[in-house]
S.K.: 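Can you keep this structure in mind? I'll have questions shortly.
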Amino acid sequence: MNAAGMKKSKALTAISFLALYFSFYKITLISSTSLQDDFINCLHENTNVDFPLVKTFFTPERNASMFNKVLESRAQNLRYLTTSMPKPWFIFKPVHESHVQASIICSKKLGVHLCVRSGGHDYEGLSYVSRLDSPFVLIDLSKLRKINVDIEDNTAWVQSGATIGELYYRIAQKSKIHGFPAGIISTVGIGGHITGGAYGSMLRKFGLAADNVLDAKIVDANGKLLNRTSMGEDLFWAIRGGGGGSFGIIVAWKIKLVPVPETVTVFNIIKTLEEDTGFKILSKWQRIAVTGNKTVTSNYTGQFLGEKGTLMEIMKKDFPELGLTEVDCFEMSWIDSIVFNAGFPTPSPIEVLLEPKTPFGKNYFKAKSDFAKEPIPVLGLREMFKRLIEVDVASILLIPYGGMMAKIPDFATPFPHRNGTIFKIHYGTSWTSENDKSANKRMKSIRDMYSCMKPYVSSNPRQAYVNYRDLDLGKNKKNSKVNFIKAQKWGANYFKNNFNRLVKIKTKVDPENFFRHEQSIPVRPSRRR
Ligand SMILES: Cc1cc2nc3c(=O)[nH]c(=O)nc-3n(C[C@H](O)[C@H](O)[C@H](O)COP(=O)(O)OP(=O)(O)OC[C@H]3O[C@@H](n4cnc5c(N)ncnc54)[C@H](O)[C@@H]3O)c2cc1C
Ligand SMILES: *[C@@H]1O[C@H](CO)[C@@H](O)[C@H](O)[C@H]1NC(C)=O
Ligand SMILES: *[C@@H]1O[C@H](CO)[C@@H](O)[C@H](O)[C@H]1NC(C)=O
Ligand SMILES: *[C@@H]1O[C@H](CO)[C@@H](O)[C@H](O)[C@H]1NC(C)=O
Ligand SMILES: *[C@@H]1O[C@H](CO)[C@@H](O)[C@H](O)[C@H]1NC(C)=O
């Protein structure tokens, strides 16, 4: 770019910065190389850490294959990597907390939008694709992954770029009787996961990961690094369930470890539709999957924090229909149960938890969620199974609630799906090739299945889990410039009445709406505008 062009781009940048207050102008005229240089220079000016920043910059111009590799590394849904999807102008991987602060200061100054990614498991790719703002840059936190476990104190500080597999592994290295109640698949990122709630196989005993957070470090829209004391209880409340990408960039969580016994028991029993006449067993559901045989198999997976003798007694008394026998039960340490639940073959060394990939690999997927307040009647189950058989590859997961989940009030955190919920439903479909002709059909089938389940699940609002991000929600609410009307719809789905408090906090901490994506918490429109 020549000098005149440069001047032009500077001028444009200035305009776009002002425009931020009003309507988020799109800037498309700046050449990316000059923008990168400006960005790097700005970062240097705003950090005092001596690090050759150019080493953690990835641009398509300098090295396209490396850029793609980094972009793809932590992008879990291949649907958002296709050629038609917008790509970041460059990727920056901060190696120090102050780099995160500088990224915010500099993207504001240069008028570029910023996407933040921890584990990259967002269902709608919101952490690495922006379809609202162009250009956008990707801040990838994968180099901020320190984990400090303090067994004496029963706590750990975990940086956002760490995966939950790494966290479990680091805990297990120090103790056999400590654990943490977060998700099941080992590659999920701590950063995005906890801020949306985060559940796993211990949710009935200990609640969500977000319920077990003691402190956090977050960089706000002004580039300030805050902890619980300095951010205040409102913001600390909002980030424990209000969803990622709305309030700031969380750089680390301080979590409370929970006690686990030295021996836990896991089982997993498969029943076919034919083996469960009248859906007797399914009334205590867990997981359902369709195989190529066009029948439905139910996969009942369980984990018990205790020995198998005790589990057998409980099951014989409370759930004899399942026909669980000692042969189905495996006793193991908590960390081995993590490996088992994450789908790794048994036995696997616990080091598999450090691997950057899951045993299932990556695919193109679409999923939706529901919460049930009462058992689905047999009529509803029939319909659900009919749909399952129609869709080629689909799965329904049923995640039982109750226990600790019912004891925490709806408003204690932004996550409102508590007492009165008997289970959560996850509908999913996936495919493995970009050119798969049935992809559209699959997307439609999942949406149809969701429509047909309406009579059997929560209503007014129909509840959904923000960590199962679903851009279909609110889609039919058209117009409204600032999307505030649409947001009322999905806001109620994800957060019920807590949405209003989230909007209030957002309006206070990020009035310019710097942190934004298709479903970020909106700023309350001001009457003057
Ligand atoms: C294979 C798979 C298995 C899953 N299993 C579970 C499970 O067992 N339990 C469960 O509860 N959920 C599960 N999820 C859902 C998961 O919790 C969410 O997708 C979660 O948001 C992922 O966090 P992430 O850091 O990996 O994702 P990212 O895609 O990096 O981030 C998700 C969102 O948070 C924002 N964000 C990322 N990092 C930060 C940060 N540091 N500060 C602020 N905002 C940030 C992003 O911009 C994006 O909007 C699963 C998802 C997948 C794909
Ligand atoms: C939080 O930050 C404040 C101000 O920076 C500091 O004084 C305080 O010690 C910090 N609190 C904790 C618990 O680290
Ligand atoms: C169909 O079922 C049979 C027996 O239950 C099983 O062996 C086979 O692997 C199944 N086929 C597919 C494609 O799942
Ligand atoms: C059932 O679930 C277990 C644990 O998640 C998994 O290893 C197994 O492959 C599943 N079986 C089927 C048929 O889906
Ligand atoms: C949960 O809800 C039920 C019925 O709606 C009520 O009886 C019970 O007291 C509630 N429990 C808690 C802990 O709020």
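When a ligand or atom number is given, it counts from 1 through the structure's own listing order.
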S.K.: Ion pair present between R462 and D370, side-chain N to carboxylate O less than 4.0 angstrom?
M.R.: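 Answer for the salt bridge query: yes.
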S.K.: Would you check whether G120 reaches within less than 4.0 Å of ligand 1, judged by its heavy atoms?
M.R.: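 So G120 counts as touching ligand 1.
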S.K.: Do the two ring centres, one from F180 and one from Y168, sit under 6.0 Å apart?
M.R.: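 When the ring centroids of F180 and Y168 are compared, they turn out to be at least 6.0 Å apart.
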S.K.: Heavy-atom contacts with H517 under 4.0 Å: which atoms of ligand 1 show up? List them by number with element.
M.R.: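 With H517 as reference, the close atoms of ligand 1 come out as 49 (O).
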S.K.: Using a 4.0 angstrom limit on heavy atoms, which residues are close to ligand 5?
M.R.: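 Residues near ligand 5: A406, N419.
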S.K.: Check each atom of ligand 1 against the heavy atoms of G248 and keep those under 4.0 Å away; list them by number with element.
M.R.: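 Here the atoms of ligand 1 in question are 42 (N), 43 (C).
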S.K.: So, K407 versus N419: side-chain donor-acceptor pair below 3.5 Å or not?
M.R.: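 Short answer, no.
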S.K.: Considering only heavy atoms of S160, which atoms of ligand 1 have at least one such atom less than 4.0 Å away?
M.R.: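 Those qualifying, in numeric order: 41 (N).
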S.K.: Answer yes if the ring centres of Y401 and F423 are under 6.0 angstrom apart, and no otherwise.
M.R.: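 No, they do not, as the ring centres are separated by 6.0 Å or more.
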S.K.: Please could you name the atoms of ligand 1 that S127 approaches to less than 4.0 Å, counting only its heavy atoms?
M.R.: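 So the answer, numbered in order with elements, is 28 (P), 29 (O), 30 (O), 31 (O), 46 (C), 47 (O), 48 (C).
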S.K.: Tell me: protein heavy atom nearest atom 27 (O) of ligand 1, and distance?
M.R.: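 Its nearest protein heavy-atom neighbour is H121 N, 3.1 Å.
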S.K.: Output yes when K366 and D472 qualify as a salt bridge under the 4.0 Å nitrogen-oxygen rule, no when they do not.
M.R.: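 Yes, this pair counts.
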S.K.: Identify the closest protein heavy atom to atom 34 (O) of ligand 1: which residue and atom is it, and at what distance?
M.R.: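 Answer, as residue, atom name and distance: G244 CA, 3.2 Å.
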S.K.: For ligand 1, which atoms, with element, lie under 4.0 Å from some heavy atom of I249?
M.R.: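 Those qualifying, in numeric order: 42 (N).
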S.K.: Mark the output for T195 as yes if a heavy-atom distance to ligand 1 is under 4.0 Å, and as no if none is.
M.R.: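 For ligand 1, residue contact (heavy atoms, under 4.0 Å) with T195 is absent.
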S.K.: Got a sec: does the NZ of K87 have more than 12 other heavy atoms crowding it under 6.0 Å?
M.R.: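 Counting other residues, nucleotides and ligands, NZ of K87 exceeds 12 neighbours.
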S.K.: For atom 32 (C) of ligand 1, what's the nearest protein heavy-atom neighbour? Residue, atom name and distance, please.
M.R.: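 Of every protein heavy atom, D122 OD2, 3.6 Å lies nearest to atom 32 (C) of ligand 1.
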S.K.: Which is closest to atom 20 (C) of ligand 1 in terms of heavy atoms, N467, L126, N77?
M.R.: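 The nearest heavy atom belongs to N467.
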S.K.: May I ask you to identify, for R469, whether its side chain, its backbone, both or neither come under 4.0 Å of ligand 1 on a heavy-atom basis?
M.R.: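 The answer is neither; R469 stays 4.0 Å or more away.
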S.K.: Under 3.5 Å, is there a donor-acceptor pair between the Q519 and Y494 side chains?
M.R.: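 Yes, Y494 and Q519 have a side-chain donor paired with an acceptor closer than 3.5 Å.
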S.K.: Taking the six-membered ring for Trp, are H426 and Y468 closer than 6.0 Å centroid to centroid?
M.R.: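 Yes - the distance between ring centres of H426 and Y468 falls below the 6.0 Å cut-off.
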S.K.: Rounded to the nearest 0.5 Å, what's the gap from CG on L138 to SG on C115? Could you check?
M.R.: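 Nearest 0.5 Å value for the CG-SG distance: 6.5 Å.
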S.K.: Students should be able to answer this: which protein heavy-atom is nearest to atom 14 (N) of ligand 1, and at what distance?
M.R.: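 Ranked first by proximity to atom 14 (N) of ligand 1 is Y468 CE2, 4.2 Å.
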S.K.: Flag yes if more than 12 heavy atoms outside N68 fall under 6.0 Å of its CG atom; otherwise flag no.
M.R.: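 Yes, enclosed.
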S.K.: Ion pair present between R516 and D510, side-chain N to carboxylate O less than 4.0 angstrom?
M.R.: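 Result for this pair is no, no salt bridge flagged.
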S.K.: Have N493 and K489 got a donor and an acceptor in their side chains that come within less than 3.5 Å?
M.R.: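 N493 vs K489: donor-acceptor pair found between side chains.
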S.K.: Under 3.5 Å, is there a donor on one side chain and an acceptor on the other for N299 and N268?
M.R.: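 Their side chains do contain a donor-acceptor pair, which is all the 3.5 Å distance test asks for.
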S.K.: Considering only non-hydrogen protein atoms, determine which one is nearest to atom 11 (O) of ligand 1 and report residue, atom name and distance to 0.1 Å.
M.R.: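 Going atom by atom, the protein heavy atom closest to atom 11 (O) of ligand 1 ends up being Y465 OH, 2.6 Å.
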S.K.: Compare L138, V116, L141, N341 and give the one whose heavy atom is closest to atom 46 (C) of ligand 1.
M.R.: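 Looking at heavy atoms only, the winner is V116.
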S.K.: Do the side chains of R79 and E434 get close enough for a salt bridge, i.e. N-O under 4.0 angstrom?
M.R.: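 E434 and R79: not salt-bridged.
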S.K.: Who's closest to atom 12 (N) of ligand 1 heavy-atom-wise, of H193, Q159, Q76, R117?
M.R.: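 Among H193, Q159, Q76, R117, the closest heavy atom to atom 12 (N) of ligand 1 comes from H193.
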S.K.: Just checking, is any N or O donor in the side chain of D436 or S433 under 3.5 Å from an acceptor N or O on the other one?
M.R.: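 There is no such pair between these side chains.
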S.K.: Regarding E518 and R469, does a basic nitrogen lie under 4.0 Å from an acidic carboxylate oxygen?
M.R.: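 A salt bridge is absent here (no side-chain N lies under 4.0 Å from a carboxylate O).
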S.K.: Determine, using ring centers only, whether F371 and Y465 are less than 6.0 Å apart.
M.R.: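 When the ring centroids of Y465 and F371 are compared, they turn out to be at least 6.0 Å apart.
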S.K.: Identify the closest protein heavy atom to atom 3 (C) of ligand 1: which residue and atom is it, and at what distance?
M.R.: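 For this ligand atom, the closest protein heavy atom is I185 CG1, 3.5 Å.
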S.K.: Using a strict 4.0 Å cut-off to heavy atoms of G183, name the atoms of ligand 1 that fall inside it.
M.R.: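 Checking each atom against G183, I get 7 (C), 8 (O), 9 (N).
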S.K.: How close does the nearest protein non-hydrogen atom get to atom 42 (N) of ligand 1, and which residue and atom is it?
M.R.: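 I find the closest protein heavy atom is I250 N, 2.9 Å.
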S.K.: Using a 3.5 Å cut-off on N or O atoms only, is T187 in polar contact with ligand 1?
M.R.: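 Looking only at distances, the answer is no, because the N/O contact criterion of under 3.5 Å is not met.
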S.K.: Are any of the heavy atoms in G200 under 4.0 Å away from ligand 1?
M.R.: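 No, G200 has no heavy atoms under 4.0 Å from ligand 1.
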S.K.: Of all the atoms in ligand 2, which lie at a distance below 4.0 Å from a heavy atom belonging to N227?
M.R.: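 It comes down to these atoms of ligand 2: 1 (C), 2 (O), 3 (C), 8 (C), 10 (C), 11 (N), 12 (C), 14 (O).
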S.K.: Among S201, A342, G245, which residue places a heavy atom closest to atom 44 (N) of ligand 1?
M.R.: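 The residue whose heavy atom sits nearest atom 44 (N) of ligand 1 is G245.
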S.K.: Please confirm whether the ring centroid of Y123 lies under 6.0 Å from the ring centroid of F365.
M.R.: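 Under 6.0 Å, so yes.
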S.K.: Counting only heavy atoms, tell me which of A75, S118, G197 gets closest to atom 38 (N) of ligand 1.
M.R.: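 Looking at heavy atoms only, the winner is S118.
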S.K.: Could you list which atoms of ligand 1 come closer than 4.0 Å to a heavy atom of Y123?
M.R.: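 Atoms satisfying the 4.0 Å criterion: 51 (C), 52 (C), 53 (C).
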S.K.: Considering non-hydrogen atoms of the protein only, which is the closest contact for atom 24 (P) of ligand 1, and what is the distance?
M.R.: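 Looking only at protein heavy atoms, the one closest to atom 24 (P) of ligand 1 is G119 N, 3.5 Å.
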S.K.: Is it the case that atom NZ in K362 sees more than 12 heavy atoms from other parts of the structure closer than 6.0 Å?
M.R.: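 Enclosed: over 12 neighbouring heavy atoms sit under 6.0 Å from NZ of K362.
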